[in-house]
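Written out below as structure tokens is the structure these notes cover.
Because the structure is a prediction, the values reported are computed rather than measured.
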Amino acid sequence: MKRVLSILCVLVVGLLDACQNPVENVVLKFKDPLAVAVQIKYAIPSGLTPDKLTIKIAGPDAEKIVTTLNTKKFKLTSDGKLFLCLAPSTTPSATTPIRFNVVALSPESVDHIQEIKLDNTTQRNLTVALVSNKNNAQPAQQSFKGNESGTVQATATVQTKAEASVSQATVTVPQGSEVKDAAGKPVGGDLIITADPVDNSNTSRAVSDMPGHGIVNASTPEGGFLGTQQILSVAGGVRITVYNNEYQLAKTFSKPIQISFALNPQLMNPSAGRVIQAGDQIPLFSFDEITNHWTREEAGKVVRNAGGNLEYVAEIKHLSLWMAAFTEEVCDQGPTFKYLSAYPERSPGYRCELIDQASNVVVRAGEAVTFTAVINNGNSVRMNNLKKGLKVRLRLFDNAGKAYVSPEVDACSNTEVTFDLKAVPYTPVPPAAADTRKEVTISLNFKCGTNGVNPDKLPFTVLYAQYRASGTSDEWQDLPTLRWPSLSTKVFIQLNKAYDLRAGSIPDRLDLEFFNYKVTNTAWTINLTTEESKPYCNP
């Protein structure tokens, strides 16, 4: 194990030009980390490592965003995390929010710009999936120009690839349109428009990556709530971004942008009970990732283009995720099925289906409502977001394939229904293996005798730490923060097993590392010697 003298040196890497022996009348001081405002976990494509990504902060309030050490040197941790803080004396509020863009760049991935708005000091945690630029389905891009006041100099058009799995999207920005960001500031200079299409090969696939997974809580542009909707089919979808070479994201346009989707001629119009035809309207929705809100916009129309094919055409004035889709209203709240069974506890899992009056499995947003249930006596399951007018029952199959069906209930009834399953053969799950983990205390121990430690001399008062089993590629597990005066924390782990530990005074600088440490008792103590402790002890 490394001596703590070396440990303290490692902890100040990046803050001091050289590490000196604290015994030689040098007191190491550590810069207090700032509170984390935003933590982003990047899902990185295979073959790309975090160190190959460049992180930039752009947008209206970019100057107010710093690292945990109050610098502008943004980088990812080895496991793909980014920690962002507000500059000292910066306090966001609902009336004075902080807006900025987090830009992730690499030669091996599609540029990603994440817009963020903070209106309070609560930490935001996000997960962002990066896209390899070697993927055939990568977004389509087109460069165009705007002047310094944000006026588009020439019409720009971008079109996604023609593929069986997506409705080809075409986006056209007209000449003369004034481009502004979310704060109303002009977005000028060299511009890039990106169109990232939605895979709408089937409804289930289309909604899997969408906010709400096919359940749309939409309002009108004026704010009137339309009721909860479920997606029946997606005619086309595209996420559109426009940004300049300073990664300032555009939001609004003074002249409408035209979007169009090539349509599958077999797409059904559920309100007409037939396939689509020219003249049909398909509802159009936009999703604002900042407010996490769907809006039903002015619908576009189905037209026949010059080649005789059907396409959907609409005009928009702001950038978001856009979706043309048929929907139907569903109920926010539905029935609860409560199990009455012979299992006091430890029931096995049984296959369940929600069925309608005709005993067909109910489909919600393109997915059959099926699941595995544990039927301990008194357990219950609630069904929400079901189609209005349905009568539903829960059907359960035992291990021999015999079906049991609950009483019928209205899909919109916010009531509890008893599902009698006492006839299901009693085959309890064997008792779980005993939990042999032990509570182990990890601590940093100064040897100062009766004098005690002088906290003003400590290079840190907080330690962040993570652990994982040695010899594995498991995700690092966060430990509770170690804080002065205890500088200790607890974790449940197996004794006589080797673990790796890493720690640091800043969440994204876990430079103190112990590998293959075999835990043999409930105390994992990092002890300083008397000489190593002396600079931090009271006289």
Legend entry - Salt-bridge criterion met for D199 and R205 (N-O under 4.0 Å): yes
Legend entry - Between T49 and D51, a side-chain donor and acceptor under 3.5 Å: yes
Inset, instruction - Drop me the distance from L76's CG to T54's OG1, to the nearest 0.5 angstrom. - result: 9.5 Å
Inset, instruction - Kindly say whether K422 contributes a backbone atom to a donor-acceptor pair with the side chain of D420 at under 3.5 angstrom? - result: yes
Inset, instruction - Look at R509 together with D511 and state whether they make a salt bridge at an N to O cut-off of under 4.0 Å. - result: no
Inset, instruction - State which residue, out of D478, D508, D79, fulfils the salt bridge (charged side-chain N to carboxylate O under 4.0 Å, His left out) condition with R502. - result: D79
Legend entry - Note, K64 side chain near F100 side chain (heavy atom, < 4.5 Å): no
Legend entry - Atom of E108, atom of L48 and distance for their closest heavy-atom approach: OE1-CD1, 3.9 Å
Legend entry - Salt-bridge contact R351-E353 (side-chain N to carboxylate O under 4.0 Å): yes
Inset, instruction - Hey, could you give me the CD1/OG1 distance between I355 and T370, rounded to the nearest 0.5 Å? - result: 13.0 Å
Inset, instruction - Decide yes or no for Q466 and L501: does some side-chain heavy atom of the first lie under 4.5 Å from some side-chain heavy atom of the second? - result: no
Inset, instruction - Identify the two heavy atoms, one from N384 and one from R382, that lie closest to each other, and give their separation to 0.1 Å. - result: OD1-NE, 3.4 Å
Legend entry - E416 side chain to T336 side chain, donor-acceptor N/O pair below 3.5 angstrom: no
Legend entry - Distance-only polar pair, side chains of Q494 and T436, donor-acceptor under 3.5 Å: yes
Inset, instruction - Please state whether the rings of Y42 and H112 are parallel, tilted or perpendicular, taking 30° and 60° as the class boundaries. - result: perpendicular
Inset, instruction - Could you tell me the separation between the CG atom of N120 and the OG1 atom of T91, rounded to the nearest 0.5 Å? - result: 11.0 Å
Inset, instruction - May I ask you to test the T90-D61 pair for a side-chain heavy-atom distance under 4.5 Å? - result: no
Inset, instruction - With the side chain counted from C-beta on, respond yes when V374 and S347 share a heavy-atom pair under 4.5 Å apart, and no when they do not. - result: yes
Inset, instruction - Would you give the length of the straight line joining atom CG of L463 to atom CG of L510, rounded to the nearest 0.5 angstrom? - result: 9.5 Å
Legend entry - Side-chain (S533) to main-chain (F446) donor-acceptor, under 3.5 angstrom: no
Inset, instruction - Give a yes or no answer on whether the side chain of Q230 reaches the backbone of A365 with a donor-acceptor pair at less than 3.5 Å. - result: yes
Legend entry - Minimum heavy-atom distance L394-C352, with the two atoms named: CD1-CB, 4.5 Å
Legend entry - Check: N217 side chain, T228 main-chain N or O, donor-acceptor pair, under 3.5 Å: no
Legend entry - Side chain T525, main chain N527, donor-acceptor under 3.5 Å: no
Inset, instruction - Taking Y343 for its side chain and T427 for its backbone only, find out whether a donor-acceptor pair lies under 3.5 Å. - result: yes
Inset, instruction - Please check if the side chain of N376 supplies one atom and the backbone of N379 the other of a donor-acceptor pair under 3.5 Å. - result: no
Legend entry - Backbone of S341 reached by a side-chain donor or acceptor of N377 within 3.5 Å: yes
Inset, instruction - If the plane angle is over 60° it's perpendicular, under 30° parallel, otherwise tilted; pick one for F285 and W294. - result: perpendicular
Legend entry - Beyond-backbone contact of P539 with N451, side-chain heavy atoms, under 4.5 angstrom: no
Inset, instruction - Can you establish whether the number of heavy atoms outside K81 located under 6.0 Å from its atom NZ is more than 12? - result: yes
Legend entry - Residue of the set N101, L126, I98 for which side chain to side chain contact (heavy atoms under 4.5 Å, CB included) holds with I116: L126
Inset, instruction - List the atom of L421, the atom of Y339, and the distance in Å for their closest heavy-atom pair. - result: CD1-CD2, 3.7 Å
Inset, instruction - Can you see which heavy atom on E289 is nearest to which on R239, and at what distance? - result: OE2-NE, 3.3 Å
Inset, instruction - Working to the nearest 0.5 Å, report the span between NZ of K497 and OG1 of T520. - result: 15.5 Å
Legend entry - Greater than 12 external heavy atoms within 6.0 Å of E439's CD: yes
Legend entry - Shortest non-hydrogen contact from P50 toward T77: CB-O, 3.4 Å
Legend entry - Side chains of T441 and S443, donor plus acceptor under 3.5 Å: no
Legend entry - Under 3.5 Å: donor-acceptor pair, side chain of K72, backbone of K56: no
Legend entry - 4.5 Å side-chain heavy-atom contact, L495 and V440: yes
Legend entry - 4.5 Å side-chain heavy-atom contact, V409 and V392: yes
Legend entry - Any side-chain heavy-atom pair of R395 and S359 under 4.5 Å: yes
Legend entry - From L53 atom CG to K75 atom NZ, the distance as rounded to the nearest 0.5 Å: 13.5 Å
Legend entry - Test item: N200 side-chain N/O and V234 main-chain N/O as donor-acceptor pair under 3.5 Å: yes
